[in-house]
Amino acid sequence: MNPMNNVVLFGATSAIATAVARELVDTGARLFCVARDGDALEALLADLRVRADDPEGNRILGARADLADIDGHAALWQQAQEALGEVDSVLLAWGTLPDQAACNASVDATLQAIHVNGTSAIALLGRIAPDFEARGRGVIAAIGSVAGDRGRQSNYAYGTAKGMLAIYLQGLRNRLFFSGVDVVTLKPGFVRTPMTEGLNRAGALWAEPETVARGIVRAMRRGRDVAYLPGKWWVIMTIIRLIPEYLFKRLKL
Ligand SMILES: NC(=O)c1ccc[n+]([C@@H]2O[C@H](COP(=O)([O-])OP(=O)(O)OC[C@H]3O[C@@H](n4cnc5c(N)ncnc54)[C@H](OP(=O)(O)O)[C@@H]3O)[C@@H](O)[C@H]2O)c1
């Protein structure tokens, strides 16, 4: 089991990462929370400090950052390490759900969606990985998506970014395996969070962020390679991946 005592959460105010933070606080972990919205970050830190009985903010720390700004990544990672001492786990959890119709009409919108959901995460992983590799332990996890498993007309800008992230994590996992570092790819299905507000969220395929968060913590502790969350998505995506392309392109998904 991987220890998760000193954890950095990037995109900590996302509904899923917030639920992960609450899980970890209950186990006594020290957290460094990174988020873009300063007010939301302060509210999250205040909530976690009450839960942790940490009014001075010794266990629950954080910083504001726009994670799409890759020039700030090196200093941010340095700050997190200085705040926590040895970091044993990181979770990358930020993202946006772009409007595919807007992306179809704009190359800039497409590239922006791919940057926020894909290349910016890869840039940060590139900063973090050498330190984990040098220490020879720990767990690096990032939230991808089932959307990255197959291109669909309704969300392929987002899917491209998450698919690219998954391939990068796969290679990083192969590289870091030999240093004893676990790299975990998390693939949630549909989750009721602010990201999916406005969609029809009824039905058995939709999960709560708390359910997905429990799966994330379990997968990170166990050092799983890839975790579909909830697990039934592994079955669904296996079937979806098996549909031949000449049929799949006719499905208007
Ligand atoms: N919800 C789903 O159905 C679902 C399914 C599969 C995967 N996921 C993935 O799960 C992760 C968490 O999403 P969620 O569903 O919990 O959504 P959420 O509650 O809407 O959170 C998204 C978070 O990403 C942050 N963010 C966006 N761009 C950022 C940037 N440039 N710098 C820093 N933070 C930024 C947002 O911060 P602001 O408040 O500043 O905008 C927000 O805190 C994402 O990677 C998402 O792609 C979600």
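Only a predicted model underlies this, so the values are computations on that prediction, with no experimental measurement involved. For ligands, and for the atoms within them, numbers begin at 1 and follow the listed sequence. When a residue number appears, it is its place in the shown sequence, counting from 1.
For R224 and T185, the side-chain atoms include no donor-acceptor pair closer than 3.5 Å. With no hydrogens or angles considered, a side-chain donor-acceptor pair links D131 and W77 at under 3.5 Å.
Distance check: L9 CG to L92 CG gives 10.0 Å after rounding to the nearest 0.5 Å. Taking CG from D99 and CG from N155, the interatomic distance works out to 11.0 Å, rounded to the nearest 0.5 Å. How far CG of L61 is from SG of C33: 8.5 Å, rounded to the nearest 0.5 Å. We find the CE-CG distance between M220 and D182 to be 10.0 Å, quoted to the nearest 0.5 Å. The CZ atom of R137 sits 4.0 Å away from the CD atom of E86 when rounded to the nearest 0.5 Å.
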Subject >> Intermediate values then yes/no, side-chain hydrogen bond (donor to acceptor under 3.5 Å, both in side chains), Q100 and N104 >> reply: CA-CA 6 Å; Q100 183 59 49; N104 294 348; 2.7 Å; yes
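Distances below 4.0 Å separate heavy atoms of D37 from the following atoms of ligand 1: 40 (O). When each atom of ligand 1 is checked for a heavy atom of G189 under 4.0 Å away, the hits are 3 (O), 4 (C), 5 (C), 6 (C). Close approach to A68 involves these atoms of ligand 1, each under 4.0 Å from a residue heavy atom: 31 (N). Taking a cut-off of under 4.0 Å to the non-hydrogen atoms of F190, the atoms of ligand 1 that pass are 3 (O). Every atom of ligand 1 with a heavy atom of S145 under 4.0 Å away is listed here by number and element: 6 (C), 7 (C). Annotation for ligand 1: atoms under 4.0 Å from non-hydrogen atoms of P194 are 19 (O), 20 (O). Near T96, meaning under 4.0 Å from one of its heavy atoms, ligand 1 places the atoms 27 (C), 28 (N).
The environment of CG in D39 is sparse: at most 12 heavy-atom neighbours from other residues, nucleotides or ligands sit within 6.0 Å. By the neighbour-count criterion of 12 heavy atoms within 6.0 Å, atom CD of E56 is sparsely surrounded, having that number or fewer from other residues, nucleotides or ligands. Other residues, nucleotides and ligands contribute over 12 non-hydrogen atoms within 6.0 Å of the CZ atom of R135. Shown here is R127, whose CZ atom has no more than 12 heavy atoms of other residues, nucleotides or ligands within 6.0 Å.
Taken together through direct or relayed side-chain contacts under 4.5 Å among Ile, Leu, Val, Met, Phe, Trp and Tyr, V226 and V146 form part of one hydrophobic cluster.
Residue G95 has at least one N or O atom closer than 3.5 Å to an N or O atom of ligand 1. Residue-to-ligand polar distances keep V116 apart from ligand 1: every N/O pair is separated by 3.5 Å or more. The N/O atoms of A15, backbone and side chain alike, include one that comes under 3.5 Å of an N/O atom in ligand 1. Checking only distances, A35 never comes within under 3.5 Å of ligand 1, N or O to N or O. Some N or O of I16 is nearer than 3.5 Å to an N or O of ligand 1, by distance alone.
In summary, R64 and D37 do not engage in a salt bridge, as defined by a charged side-chain N under 4.0 Å from a carboxylate O.
Annotation: atom 37 (O) of ligand 1 to nearest protein heavy atom, R36 NH2, 4.0 Å. Of the protein's non-hydrogen atoms, the one nearest atom 10 (O) of ligand 1 is I143 CG2, 3.4 Å. Summary of contacts: the protein heavy atom closest to atom 47 (O) of ligand 1 is Y158 OH, 2.6 Å. Closest to atom 23 (C) of ligand 1, if we only count protein heavy atoms, is S14 CB, 3.5 Å. In terms of protein heavy atoms, atom 43 (O) of ligand 1 is closest to T13 OG1, 3.0 Å. The nearest protein atom to atom 3 (O) of ligand 1, hydrogens excluded, is given as V191 N, 2.8 Å; this is a heavy-atom distance.
Neither the backbone nor the side chain of A40 has any atom closer than 4.0 Å to an atom of ligand 1 (non-hydrogen atoms only). At a heavy-atom cutoff of 4.0 Å, ligand 1 is contacted by no atom of K187, backbone or side chain. Residue-level proximity to ligand 1 for T193 is carried by the side chain, the only part with a heavy atom below 4.0 angstrom. Heavy atoms of T196 found under 4.0 angstrom from ligand 1 belong exclusively to the side chain. For L67, heavy-atom contacts with ligand 1 shorter than 4.0 Å involve the backbone as well as the side chain. With a 4.0 Å cut-off on non-hydrogen atoms, W94 touches ligand 1 through its backbone as well as its side chain. Residue contacts with ligand 1, taken as heavy atom pairs separated by less than 4.0 Å, involve A93 solely via the backbone atoms N, CA, C and O.
No side-chain heavy atom of L91 sits under 4.5 Å from any side-chain heavy atom of V8. Contact check for I143 versus I216: side-chain heavy atoms found under the 4.5 Å cut-off. In this structure the side chain of E133 reaches within 4.5 angstrom of the side chain of R175, judged on heavy atoms. Put simply, the side chain of T27 reaches to within 4.5 Å of the side chain of R221, judged on heavy atoms.
One option in M195, R64, R201, H115 has a heavy atom closer to atom 17 (O) of ligand 1 than any other, and that option is M195. Comparing V34, D66, V20 by heavy-atom distance to atom 30 (C) of ligand 1, the nearest is D66.
Within the 4.0 Å heavy-atom cutoff, S120 does not count among the residues contacting ligand 1. Taking a 4.0 Å cut-off on heavy atoms, F10 fails to register as neighbouring ligand 1. P209 does not count as a contact of ligand 1, since none of its heavy atoms falls under 4.0 Å from the ligand. Distances from ligand 1 to the non-hydrogen atoms of K162 include at least one value under 4.0 Å. Residue contacts with ligand 1: G144 is included, with a non-hydrogen atom under 4.0 Å away.
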